[in-house]
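Just below is one structure, and these are the notes that go with it.
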Amino acid sequence: MGKIQLTQVRKSFGDVDVIPGIDLSIEDGEFVVFVGPSGCGKSTLLRLIAGLEDTTSGTIAIDGKDATNLPPAKRGLAMVFQSYALYPHMSVRKNIAFPLKMAGMPDSEQAARVERAAKVLNLTSYLDRRPGQLSGGQRQRVAIGRAIVREPSAFLFDEPLSNLDAALRVGMRQEITELHQSLKTTMIYVTHDQVEAMTMADKIVVLNGGRIEQVGSPMELYHHPRTEFVAGFIGAPSMNFLDIRSDGGRIACGETVIGTAAPVPGAVRLGIRPEHVGIMAPGAGELGGKVVLRETLGGDAYLYVRTAAGQLVVRAEGDTALNHGAEVGLSFPANRLHLFGADGVTLSSGGKAA
Ligand code: ADP
Ligand code: MG
């Protein structure tokens, strides 16, 4: 079991309110990702759940029982850190068994659990090596092994892949996802990287300034961001934002009418993702512009298009003939438009009121 319930959890350091009050339910077996910019309180929230920090107020329940004042060791959770701090003089086997040895578990049970964890993590043939004889990814797996053998009701990961190079990160992302699929144990995973959040999570919790901006599945956040912050944070490259005016029916940038989706009159912000802007011949579409930069990635190319309403990033085919200096027309499909009020709250997404 690994159901975790936070009720009005607050944390301040001195007179700084880092977490002003959070309500959150994590279901048994879920893969939940806390994502947000650096300093938004992700690690603090995870450490509160782990019991490494005391709450200022509020309650944390684990599997229905109040755990707010339980010491970390009594919560049945296992934490995996970014710096994996293995003992360099011990073998992989001894490193993985370490928490069990500390708990006084009989040797035979220790050995059985280490074998099982090593099998899940593909570390069986490395058990007699020392950490210094392993790659970065293998060391990270040993650190995860040390958590698995405790058979926790939930795993807590704090940016476990940040120290790895890009290729290894992709591989470890897959391994942790597969680990979750085979163990089916609750995992809470902290990252500042929205790609990790999108690719790994069942449920994403977007944090900003210690508050929850939105909780939802990756595609819910992608299609129906509740705020401009979430809209800009989820998806890469970021959503384009333009300042526009609405007369209650039509929306326009200056003299250019872009669409008819606005529910309220006044100044609003229009959002559209790079992959949703249509590229047309010059003169066609809603807005004309000039390509000022092209970034070719292979399958895709990103065109930076300067328009009267501001610069937009537009996704094109990697082998598009459009280059620096090309004139284009841009179209804005109504079902792809997002509108945000002056307070940053979504007014409509895909033509439907939020
Ligand atoms: P994140 O993990 O999202 O980058 P943290 O949870 O580490 O953010 O930090 C959130 C905020 O709390 C930051 O402003 C940080 O400076 C502050 N903070 C974290 N730990 C402490 C502490 N022990 N004392 C004072 N301030 C802290
Ligand atoms: Mg952190």
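When reading the values below, keep in mind they use all heavy atoms of this one structure, side chains included, and skip hydrogens, waters and symmetry mates. No experiment lies behind these values; they were computed from the predicted model shown. Atoms within a ligand are numbered from 1 in the order they appear, just like the ligands themselves.
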Q: Check the pair Asp66 / Thr68 against side chain to side chain donor-acceptor pair (under 3.5 Å), numbers first and verdict last.
A: CA-CA 6 Å; Asp66 187 358; Thr68 316; 2.5 Å; yes

Q. Any idea how Phe31 and His180 line up, ring-wise: parallel (<30°), tilted (30 to 60°), or perpendicular (>60°)?
A. perpendicular

(Q) Taking 2.8 Å as the cut-off, does Ser43 contribute an N, O or S atom near the Mg ion (ligand 2), distance below it? (A) yes

(Q) Is there a polar contact, in the sense of an N or O pair closer than 3.5 Å, between Phe13 and ligand 1? (A) no

Q.
Any nitrogen or oxygen of Glu53, side chain or backbone, less than 3.5 Å from one on ligand 1?
A. no

Q) Got a protein heavy atom sitting under 4.0 Å from atom 19 (C) of ligand 1? A) yes

Q: State whether the shortest distance between N or O atoms of Cys40 and N or O atoms of ligand 1 falls below 3.5 angstrom.
A: yes

(Q) Please identify which of these residues, Val35, Ile204, Val205, meets the side-chain contact (heavy atoms from CB on, under 4.5 Å) condition with Leu221. (A) Ile204

Q. Side-chain contact, heavy-atom cut-off 4.5 Å: Val32 with Val215?
A. no

Q. Relative to ligand 1, is Val18 under 4.0 angstrom through side chain, backbone, both or neither, heavy atoms considered?
A. side chain

(Q) Among all the protein's heavy atoms, is there at least one whose distance to atom 5 (P) of ligand 1 comes out below 4.0 Å? (A) yes

Q | Geometric class of the Tyr189/Phe157 ring pair [parallel <30°, tilted 30-60°, perpendicular >60°] | A | tilted

